[in-house]
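Please read these numbers as outputs of a predicted model, since none were measured by experiment. Every number for a ligand or one of its atoms is a count from 1 in the order of the listing.
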Amino acid sequence: MKHLIDFPAVPLAQLPTPLHRLDNLSRELGKNLYIKRDDLTGTALGGNKVRKLEFLLADAQARGADVVLTAGGPQSNHAMLTAASAARLGMDAVLVLKKRGVLAGGNLILDRLFGAEVVLVDADDYADVYAEMDRLMDRLRAQGRTPYAIPVGGSVPLGSLGYVNCALEIANQAQALGVTFDSIVSAVGSGGTYAGLTLGAKLYLPDTRSVGIGVCDDPFEAIALDLMGGAAALLEADVPISPEDVHIHYHIGPGYAQASPEGAAAVRRLARREGILVDPVYTGKALAGLFQLLEEGYFDRDEHILFVHTGGAGALFAVDLPEE
Ligand SMILES: *Cc1c(COP(=O)(O)O)cnc(C)c1O
């Protein structure tokens, strides 16, 4: 098997991110809850995409790229972090975003602050967004530029390696704390984070179940297995990957990128108990999913549960939380 250090990565993240117990919430719920602070990855507002971009933008640099393109919704954290990371590396960024949902404020302010070009595409389907991205790439090539395209969420096997690395970090931190995590819980939006964590858990956390909370209705079991297989192939890791490794639940609410009442309650609860911000689109919903699983008795009584905080605070300034 190859090692993660065999893969070129640009240093964008401050690692390891902190991992600590949520004392107030644990007391309130009578559980052992911990949090992995990937909201503190150290570029812009932090978040999970920074770990993926370390590998993806190293690949872009190796290919001589001078401009990076990516796609997403208008409030995409991934697009914003691509803009911030490209700025740091002296590359241009073009963000091709769906003209749907919240078209002002939040991450759109930051995209422009980081100097990215924002192209809004009036389409419901990502096929149309990617078609526009292809046209823009052709135009850039005709101008003598070298573009590099990153798909939605950076969810390709190479990006998932960032979360294989996160699982390794968690294993080291768990050992230092003297804790064995029975479950790790993360939000699933395009699948790369969950796939990396789940493959990484197989490699480095053999006693840990990786639970994903889907925030839209994509078929995440299949997506995760596919990305896990791709990442394992990159690593030349000889691990059997089976559907039994994948535990996906869903908390979508009224729709992707729209706040749900339970998600909003989770945002407020973490803020008021622990002074930590989660967002209404991903991490608030994942936390609401975790609370629901706790209520349903999904976890054994004394389980040590780690919530992987994947960031997203920018959405708090764009998406309205329903009233209490
Ligand atoms: C993108 C994102 C996720 C989901 O990660 P994927 O790898 O796309 O599944 C979770 N939380 C936040 C804050 C995100 O921006």
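Under the 3.5 Å distance criterion, the side-chain polar atoms of D66 are matched with a main-chain donor or acceptor of T146. The closest donor-acceptor contact from the side chain of T70 to the backbone of L95 lies at 3.5 Å or more, if one exists at all. The backbone N or O of G311 sits less than 3.5 Å from a side-chain atom of H309, completing a donor-acceptor pair. Proximity of a side-chain donor or acceptor of E132 to a complementary backbone N or O of D122 within less than 3.5 Å is not detected. A donor-acceptor pair is defined here as one N or O able to donate and one able to accept, closer than 3.5 Å; no such pair exists between the side chain of D279 and the backbone of A313. Within the 3.5 Å criterion, the main-chain N or O of L40 finds no donor-acceptor partner in the side chain of Q14.
Cluster annotation: V164 is not connected to L205 through the hydrophobic network of ILVMFWY side chains, with a link wherever side-chain heavy atoms come within less than 4.5 Å.
Remark: ligand 1 and G189 share an N or O pair separated by less than 3.5 Å (distance only, no angle test). At least one N/O-N/O distance between G191 and ligand 1 falls below 3.5 Å. In terms of N/O distances under 3.5 Å, ligand 1 is approached by N48. The distance criterion of under 3.5 Å between nitrogen or oxygen atoms is not met by D279 with respect to ligand 1. Between Y194 and ligand 1, no N or O atom pair is found at a separation short of 3.5 Å.
Residue-level proximity to ligand 1 for V215 is absent, since no heavy atom of it falls below 4.0 angstrom. The residue H78 has no part lying near ligand 1, judged by heavy-atom distances below 4.0 Å.
Remark: ligand 1 atoms within the under-4.0 Å shell around heavy atoms of V188 are 9 (O). Close approach to G312 involves these atoms of ligand 1, each under 4.0 Å from a residue heavy atom: 13 (C). Remark: ligand 1 atoms within the under-4.0 Å shell around heavy atoms of G192 are 7 (O), 9 (O). Close approach of ligand 1 to N77 (heavy-atom distance below 4.0 Å) involves ligand atoms 13 (C), 14 (C), 15 (O). In the vicinity of K52, heavy-atom distances shorter than 4.0 Å reach the ligand 1 atoms 6 (P), 7 (O), 8 (O).
Contact between S155 and ligand 1 is present, with at least one heavy atom of the residue lying under 4.0 Å from the ligand. Distances from ligand 1 to the non-hydrogen atoms of S190 include at least one value under 4.0 Å.
Ranking protein heavy atoms by distance to atom 10 (C) of ligand 1, first place goes to T310 OG1, 3.1 Å. At the shortest separation from atom 1 (C) of ligand 1 among protein heavy atoms lies K49 NZ, 1.5 Å.
Inspection of the T17 and K36 side chains reveals an N or O donor paired with an N or O acceptor under 3.5 Å.
The list of ring-ring contact (aromatic ring centres under 6.0 Å, His included) pairs with a residue in residues 149-205, not counting sequence neighbours, reads Y34-F181. Identified under the salt bridge (charged side-chain N to carboxylate O under 4.0 Å, His left out) test for residues 243-264, with sequence neighbours left out: K202-D245.
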